[in-house]
Amino acid sequence: MQVILTFFTHATGWHKPLPDIDSPQTLVLVFSEPDSQQYQQALDTLHKKYANSIIAGCSTVAGIFNEHLLESGLVVGIIHFHNSHLALATATIPRLEDSFFAGKAIANDLNAPDLKGIMIFSDGLHTQGNDLINGIASAIDQQKVTLVGGLASDKMHFEHTWVLFNGQANTHRAIGIGFYGEKLVFASHAQDGFKPFGPERLITRSSNNVLYEIDGQPALQLYKQYLGEHANNLPATALHFPLAIWNESKDHYVVRTIIGIDETENSLKFIADIPVGYHTQLMYGSFDNLLDGAELAARNISKKLPPNQPVLALTISCSGRKLVMAHDTDQELDAILEYLPKDSQQLGFYSFGELAPIKEGGKCGLHNETMTLTVLYEGS
Amino acid sequence: MKEVKPLHRRLQKQLKRSGLLQSSLPDDQSKWQDFLHLIDLSYSGTSDAQYLLERSLEVSSHELRKLYEDLKTETEQRIDALHKSEQKTRFMANMSHELRTPIHGILGSLEIVKDTELDSRQKLFVDTAYASCEVMLDVINNILDFSKLKAGGIELEIIEFSPRELVENVSGIMATMAQDKHLEVQSYIPENIPERVKGDPARLRQMLMNLIGNAIKFTEHGEVYTGIELREVRKDTALLRFEVRDTGIGIPPSMQKSIFESFVQVDASINRRYGGTGLGLTIVREFAEMMGGNIGLDSAPNQGSTFWFEIRVPISTDTTSPCPKHQIEGRRVMVVDDNETNRRILENYLQAWKAEAVIVSNGHDALIKLEESITKARPIDLLLLDWFMPHMDGIALAKAIRSDSRHDRTPIVMLTSYGISQEKQQQAGVQAAVTKPVRSITLRDVLTDTLRRHNTQSPPVSAPQIPFPQLEIKPIIATLPPAILLAEDNPVNALIAVTMLEKLDMQVDHVTTGKLALKAMRTKSYKLVLMDINMPEMDGYTATRYIRKWEKEGILKNHTPVIAMTANALKGDRERCLKMGMDDYLAKPVKQDELLKIVGQWLKAPVAQAPV
């Protein structure tokens, strides 16, 4: 497996020249600043140069290039597989409720006996993430196929996100890459680092991604009570205080980020759906905790790697984490690389929702505020 | 080099990330700045977390406090509801008292008349009246017991009695009732039935009355037979089978199981034709089960029915005194009852049993007589107290008696209209209770049993004489409580008001006209008057006018608040009442919390009390 990472900015041009490794077994991953027009030329170049390769990607608030964040430019990874092969599938999502069928269609297209993993990118503002996952899960066996991915993001304006398909920025669309091959190792780990605190409460009224009542009380009012003086800077501060949604057996939770508030409805708006009847808990994240979370993910995954086996780490982390860690966000990228085998490389983006197994080897879930780490390598 | 304590794990990590060593100063200032930056992030993260946790605790404790308040309110409401249901029970008790008192008077009087010289015609009428009264009482008992059964509030009595007398007596009464129908009512009691057993004769009597009453009701020709049979003797207990057999319409097999359910009769037409409450058999079954017994039925339509029940009872070992009268003969028994008829009846019974009766009409006189019994060394062997009495009821009197150790060993028997729980008996120091109306046999059995159990043959002469007997009078004066006067002509309204006011633990004197209210005001000082407006002889307005006039003239010493109670809930009523010199106003139907609130407000005004 050959991996060349590079980036493009208007100031520097291509950081590293594009290698001549176009083939059907080549994957080109592109993570771009949301304003795609200024990079159309660079995108066209990629499209031409890698005409036989599979090209996929999405918009992001920041791309990940090894231990660096790139907020204005394109981050590009060109990966040539020796023994594995690839496939691309896509589906449009005209309305939120079409998410399930989009996922199912993609999974049906990609499914094959030797399918190892699926990597999904989808429009971050027009996708019902859980439905998309359920659609995919309805067509594949998650014990054999690892499902990872992320929802495209923008510069925290929640206005315009897209996925790269056919060399163009596409909204209302999901794309999936299938990975096939005996020797391909495809492992994923998710870790948030936020800490739930306070009493567990029941979600009593919600609709899609809007939460109205917790324990029968107006959600926003209760949320403000907890936040105290931090409530003055809502909704910006909400990214620091997501909610944990516990599963029924209370052994795992997923994190949900608040992206808006409605004072008249006394409601909270989330980036993903909020199910009624589940228990929720307020969470807080501090720099130390988030960093510990990233480290833990890297440490756990590296334990399973053969020594001295360089890997490609595909890191999809939450845009909310970037907000909490601010200028020190690169520390989490640093921490990951530190724990991975020597000469490993890291590529990825900050997303509006992370798709990764909730627990190791388990079913895929939609996360927020989470760092998901997927490592790829071809064994000998 | 100085020993360095290992640093916090996070600090170690931060040093490592900044490329610094714990043991030496940084050679590069930017590394030092990196380090400080990391430390600063930790501090702000920690203090943010601390702030949030404090908020969380505050929210939780706020919620807990609210939860506590809500729970408290709810508990108070439940307690209030409980009081209301207690009040219902008390109302039932009062009603029961009201119903049983006249029946008691009739039965007792008739018993006395029965023992006088009568010609056969007179005897027939007296017997009929007596039996009718018994049947009426049985109906009332069934209804009251049924409501108590549902509430689980029935306790069986255990006293010594003669099953032979019981069956003969019930059968005799019921024979009178069957005269119209020309039915033969027979009973047979074999010789081997134990003379004295222990149990609840009043309940057994009720069961037999119900069964025989049904048998008579559903039989047109032939006979009703009541029998008792000794099935088995084991150790000191006997298994007795009571049986009532008739030659009536019988019960179809399909109905034989459900016939013991309440309100079930064979079919609806039966009810129209034969009447009845449908409660009798349920009560028989419930009582039989409470006594640990069985109940059963054999019947064939148009041939007749046999109802039976079997209970196991302890045989009384004291067979040496076959004549229980000996226990009572020559004993001094004090009767305390406010009702004159009752006093006369009880006196008559005691004289018949050759006991010496000391009769008084209230608790105050009873305490004086008791004191005399010690000073004159003529001890009282037993006290027979009525529960429902004005001023000082039977329970209060019993407690007053028990507070004096010289009377510790004098047994007390309480006459009640509604039964009294074992617990309450014990609290008040009461040894036995008899439910009214009292039948001579039952009363004799209870008195005999109590005297035997609490043997007071030797009076406690060892108790030292009190040198200043007048000291003993003192607590009686002290117990005169502040009182409320209720002027109300409607007995049900009055009963309700008295029941509601019980919560205040104050004496309530009840009069039925404005004139009687004025009379009461002149003989006694009241803290408050509740005045109905529409009353015969003199209405509430006039009575109040007189009260105010007398107060002005100094005939009445204090100003007594008068609260009007009227059903004329019209606009302007209140103004009229206030104009007439009343202090406040309550519209009927009066609610308890309103009544207690207003009465409580007016009672707060300090009024002189009798010195202690």
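Lettering of chains follows the sequences in order, A, B, ..., and the numbering in each one begins at 1.
- Here B/Arg17 does not pair with A/Glu338 in a salt bridge; the nearest charged N to carboxylate O distance is not below 4.0 Å.
- Expressed to the nearest 0.5 Å, how far CD of B/Glu63 lies from CG of A/Asp215 amounts to 7.0 Å.
- Inspection of non-hydrogen atoms places B/His37, B/Leu38 of residues 30-40 of chain B under 4.5 Å from chain A.
- Using a 4.5 Å cut-off between heavy atoms, A/Phe287 contacts chain B through its side chain alone, with no backbone atom that close.
- Within a 6.0 Å radius of NZ in B/Lys16, no more than 12 heavy atoms belonging to other residues, nucleotides or ligands are found.
- Using a 4.5 Å cut-off between heavy atoms, A/Gln217 contacts chain B through its side chain alone, with no backbone atom that close.
- No more than 12 heavy-atom neighbours from other residues, nucleotides or ligands sit within 6.0 angstrom of NE2 on B/His62.
- Among A/Phe197, A/Tyr226, A/Tyr284, the residue making the largest number of heavy-atom pairs under 4.5 Å with chain B is A/Tyr226.
- Proximity to chain B among residues 323-337 of chain A is limited to A/Asp328, A/Gln331, judged by heavy-atom separations below 4.5 angstrom.
- For residues 66-73 of chain B, heavy-atom neighbours of chain A at less than 4.5 Å comprise no residues at all.
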Carefully, step by step, assess B/Lys13 and A/Asp292 under the rule salt bridge (charged side-chain N to carboxylate O under 4.0 Å, His left out). CA-CA 10 Å; B/Lys13 227 185 236 181; A/Asp292 287 352; 3.3 Å; yes

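- Residues of residues 48-56 of chain B placed with any heavy atom under 4.5 Å of a heavy atom in chain A are listed by number as B/Asp48, B/Ala49, B/Tyr51, B/Leu52, B/Leu53, B/Arg55, B/Ser56.
- A/Asn308 CG: 12 or fewer foreign heavy atoms inside a 6.0 Å radius.
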